[in-house]
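Here is the naming used below: chain letters follow the sequence lines, and residue numbers restart at 1 for every chain.
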Amino acid sequence: MNYWLVKSEPFVFSFEDLVRDGVTRWDGVRNYQARNNLRAMSLGDLCLFYHSNEGLAVVGIARVSKTFYPDPTATSGDWSAVDMAPVKAFTQPVTLAEIKKNPVLSEVGLVKNARLSVMPLRSDEFFTILDMGLTQL
DNA sequence: GCCAACGTTGGC
DNA sequence: GCCAACGTTGGC
């Protein structure tokens, strides 16, 4: 099991959209590092879903429901997509500010490389954010 | 192969 | 709306 964090601008595609749709194609990635991360995803891997630009918080958990295949939205180049399904919405969004405050999360890509849209998380990072997001059950 | 110019992302 | 960080492009 690997753990990931994916970013989406909520006015383009939000976690609520994912819950509504049930499954979505995670396409349009045009960055080699992010693409390689997509290709490293295994079936059932868990992804934290982060809202960029608006919200600025991790809002839920998704899982990989189909591993990588050629991105149908790519007109040229060697790009990949995966499918994702919702797992659970956070009861309390975990904001970027909170992530930056937590020393355990200082290596997280959101902090280290703000522009990367698909990044791996260590399991301790994943579960730390999970605890912060599901505290008010 | 280097590097300057440019475009894009995304936080503030 | 601004700007820093980063990736990509293209001239040499």
(request) Mind calculating the distance between NE2 (A:His51) and C1' (B:dT9) to the nearest angstrom? (result) 17 Å

(message) Could you check whether A:Glu98 pairs with A:Lys101 (Lys NZ or Arg NE/NH1/NH2 to Asp/Glu carboxylate O, under 4.0 Å)?
(response) no

(message) The side chain of A:Leu96 is closest to which nucleotide in this list: B:dG10, B:dC12, C:dG7?
(response) B:dC12

(request) Determine the contact category for A:Leu116: base if any of its heavy atoms lies under 4.0 Å from a base atom, sugar-phosphate if only primed atoms, P, OP1 or OP2 are that close, otherwise nothing. (result) nothing

(message) In whole Å, I'd like the distance from the CD atom of A:Glu9 to the P atom of B:dT8.
(response) 13 Å

(request) Scan residues 9-41 of chain A for pairs that pass ring-ring contact (aromatic ring centres under 6.0 Å, His included), counting only residues two or more places apart or in two chains. (result) A:Phe15-A:Phe49, A:Trp26-A:Phe49, A:Tyr32-A:Trp79

(message) Without decimals, in angstroms, what is the distance between A:Asn36 CG and C:dG7 P?
(response) 13 Å

(message) I'd like to know if A:Arg35 and A:Asp71 make a salt bridge, using a cut-off of under 4.0 Å between side-chain N and carboxylate O.
(response) no

(request) Select one nucleotide: of B:dC12, C:dT8, C:dA5, the one nearest the side-chain heavy atoms of A:Arg115. (result) C:dA5

(request) Nearest whole angstrom, please: distance from the C1' of C:dG1 to the CD of A:Glu54. (result) 15 Å

(message) Check the phosphate of B:dG11 against A:Tyr50, side-chain N and O only, distance under 4.0 Å to OP1 or OP2. Yes or no?
(response) yes

(request) Rounded off to whole Å, could you give me the OH-to-C1' distance for the A:Tyr32 and B:dT9 pair? (result) 18 Å

(message) How many whole angstroms separate atom CG of A:Asn31 from atom P of C:dT9?
(response) 12 Å

(request) Provide, to the nearest angstrom, the distance between the CG atom belonging to A:Asn53 and the C1' atom belonging to B:dG10. (result) 5 Å

(message) I want to verify a distance call: between C:dC6, B:dG10, B:dG11, whose nearest atom is closest to the A:Asn113 side chain?
(response) C:dC6

(message) Distance check, rounded to the nearest 0.5 Å: A:Ser80 atom OG versus A:Asp27 atom CG?
(response) 11.0 Å

(request) Grab the CG-P distance between A:Leu56 and B:dG10 for me, whole Å please. (result) 11 Å

